[in-house]
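Every chain is numbered from 1, with letters handed out A, B, ... down the list of sequences.
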Number of protein chains: 2
Amino acid sequence: MGTEGLRERKKEQTRAALSWAALRLSVERGYRNVLVEDIAADAGVSPRTFNNYFASKAEAIVWRHINRAKAMSGLLRDRPRDEPLWTALAEASASLVDDGGVPPDPDWVAGVRLMLTEPEVLGEVLRRTVEAERTLAEAIAERTGMDAGKDLYPRLVAAALSAAQRVASEQWMQEGNDLSMAACLREAIGQLAAGLPEPPH
Amino acid sequence: MGTEGLRERKKEQTRAALSWAALRLSVERGYRNVLVEDIAADAGVSPRTFNNYFASKAEAIVWRHINRAKAMSGLLRDRPRDEPLWTALAEASASLVDDGGVPPDPDWVAGVRLMLTEPEVLGEVLRRTVEAERTLAEAIAERTGMDAGKDLYPRLVAAALSAAQRVASEQWMQEGNDLSMAACLREAIGQLAAGLPEPPH
DNA sequence: CCGCAAAGTTGCGGGACACGCAAGTTCGTG
DNA sequence: CACGAACTTGCGTGTCCCGCAACTTTGCGG
């Protein structure tokens with residue numbers, strides 16, 4: 001049998017179904033026009049059950065995205081130890097979104113737009129991202145021989161990286177942008193690692 | 001008469017009273033134990049009126065903080081034009097919280113703690129901060145001769161600065177920290193401007 | 001000084017949400 | 001196959017946010 005038995009698998013399945021339904025419906029009709037009731041119906045469970053899995057609509061929508069973000073620390077740990085930190089961070093970030101030249105899934109694009117657009121969703125995603133930063137800071141601390149609890153550096157790097165990821169997403173979403181998400185990420189993180197030098201003017 | 005007549009002044013007064021009450025009560029009894037009803041009562045208006053001013057408890061609590069954040073762009077514009085961008089940003093940030101050696105107001109400290117601690121409030125403050133970043137990005141764009149709408153740089157700087165401010169606050173709040181808030185800010189922003197170099201280990 | 005339009009406040013009511021609780025149902029292990 | 005644990009569901013409750021329609025205050029022009 002799979003990980004942790006059939007029960008656990010079924011739970012994860014329902015959770016995914018709910019998250020997916022929440023995202024899809026919100027993209028289709030707009031966040032405010034979707035009731036918890038609708039999401040539950042779409043996933044084939046009762047409205048009450050929805051709240052056994054997620055504490056809010058926003059949390060459900062954001063769940064998949066946050067799961068990806070949480071993978072960052074693992075990805076960072078997998079990078080070669082002799083690689084410069086910022087290269088490792090940039091490549092780990094890029095690998096999270098790299099489609100290998102395949103044009104991005106329109107549903108995913110719509111999802112990203114939703115998270116940057118709908119205030120309530122944005123609040124949730126930012127909040128959860130800050131949460132995930134703690135784990136990332138741990139990984140950075142480990143790599144640099146520091147203490148994420150006491151030293152400023154690891155948390156600062158994690159926070160700056162999150163910021164860069166968000167801005168890169170915005171930039172990528174903009175009208176008339178021909179770069180890939182991965183390219184936007186590398187660009188933003190590169191500038192960050194260079195100290196965001198003020199260009200001569 | 002003052003700015004925009006008595007009517008406007010009274011409105012701002014009520015708004016401030018509500019925000020203040022929301023913050024104070026939440027610090028005293030904990031965010032979840034405060035009803036909109038309580039806040040309204042404390043400010044001497046009806047519960048319904050509360051929602052004429054703020055769309056949520058969290059928004060009321062965060063209002064003062066965000067007002068300060070919005071002042072950043074103005075402060076940046078007031079810095080000498082020949083000052084390096086990052087010096088200007090650091091000094092503008094520091095001046096927002098500089099008490100000139102006076103120990104910080106315990107109520108303000110409790111407020112900051114609340115914003116970093118209570119999930120709902122944190123979500124709101126992050127969301128509004130991102131909003132305020134747009135204005136800051138405009139100011140940075142102006143200073144560097146760029147276009148905040150198209151260029152990545154100004155938004156990236158604004159976002160990174162916000163991140164640094166948040167982490168600096170966390171660091172400052174930590175047990176066994178003897179630095180001032182302004183010092184924490186200068187430290188964090190300094191590291192950012194230096195490209196967050198990986199220290200040798 | 002006064003009355004009137006604009007702006008602000010309030011109460012009411014409804015829609016939605018989140019969650020505690022206590023049944024009922026399903027699962028998987030011994 | 002039987003039994004306890006885990007999960008689902010319905011119900012009820014407390015809270016929130018806001019539209020709407022009175023009512024009250026404000027301040028301006030005659």
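Proximity of residues 32-40 of chain A to DNA chain C (heavy atom under 4.0 angstrom from any strand atom) is restricted to A:Val34, A:Leu35, A:Val36. Listed by residue number, the members of residues 14-30 of chain A with any heavy atom below 4.0 angstrom from DNA chain C form an empty set. Of all the residues in residues 114-123 of chain B, not one reaches under 4.0 Å from DNA chain D with any non-hydrogen atom.
Taking the charged nitrogens against the carboxylate oxygens, B:Arg127 and A:Glu124 have no contact shorter than 4.0 Å, which rules out a salt bridge.
B:Asn33 places a side-chain N or O within 3.5 Å of a backbone atom of B:Arg29 that can act as its donor or acceptor partner. The main-chain N or O of B:Arg186 is never found under 3.5 Å from a side-chain atom of B:Gln191 such that the two would form a donor-acceptor pair.
Aromatic pair A:Trp108/A:Trp172: centroids less than 6.0 angstrom apart.
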- Residues B:Arg155, B:Glu133; criterion salt bridge (charged side-chain N to carboxylate O under 4.0 Å, His left out); working and verdict: CA-CA 7 Å; B:Arg155 278 174 291 145; B:Glu133 271 173 30; over 6 Å; no
- Message: Does A:Ser93 form a side-chain hydrogen bond (donor to acceptor under 3.5 Å, both in side chains) with A:Gln165? I'd like the steps, not just the answer.
- Response: CA-CA 8 Å; A:Ser93 293; A:Gln165 287 172 332; 3.1 Å; yes
- Does the pair A:Arg128 and A:Glu59 meet the rule for a salt bridge (charged side-chain N to carboxylate O under 4.0 Å, His left out), with working shown? CA-CA 9 Å; A:Arg128 300 318 263 232; A:Glu59 188 186 337; 3.8 Å; yes
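Nearest nucleotide to the side chain of B:Ser56, out of C:dC27, D:dC17, C:dA18: D:dC17. The side chain of A:Tyr53 approaches D:dT8 more closely than any other nucleotide in the set D:dT8, D:dC17, C:dA18.
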For nucleotides 11-14 of chain C, print each protein N/O atom paired with a nucleotide N/O atom at under 3.5 Å, atom names and distance only.
from, atom 1, to, atom 2, distance (Å)
C:dG11, O6, B:Arg48, NE, 3.2

Distances for protein N or O near nucleotides 3-6 of chain D N or O, under 3.5 Å:
from, atom 1, to, atom 2, distance (Å)
D:dA6, O4', A:Arg7, NH2, 3.4
D:dA6, N3, A:Arg7, NH2, 3.0

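Taking a 6.0 Å sphere around CD of B:Glu120, one finds it holds 12 or fewer heavy atoms contributed by other residues, nucleotides or ligands. Summarising the local packing, CD of B:Glu131 is surrounded by more than 12 heavy atoms from other residues, nucleotides or ligands at distances under 6.0 Å.
Every residue meeting the side-chain contact (heavy atoms from CB on, under 4.5 Å) condition with B:Leu116, not counting sequence neighbours, appears here in chain and number order: B:Val112, B:Arg166, B:Ser169, B:Glu170, B:Met173.
With contacts defined as side-chain heavy-atom distances shorter than 4.5 Å, the pair A:Arg15/A:Phe54 qualifies.
Side-chain contact annotation: B:Glu138 with B:Ser73, donor-acceptor N/O pair under 3.5 Å absent.
In this structure, the CG atom of A:Asn52 is 16 Å from the P atom of C:dA22, given to the nearest Å.
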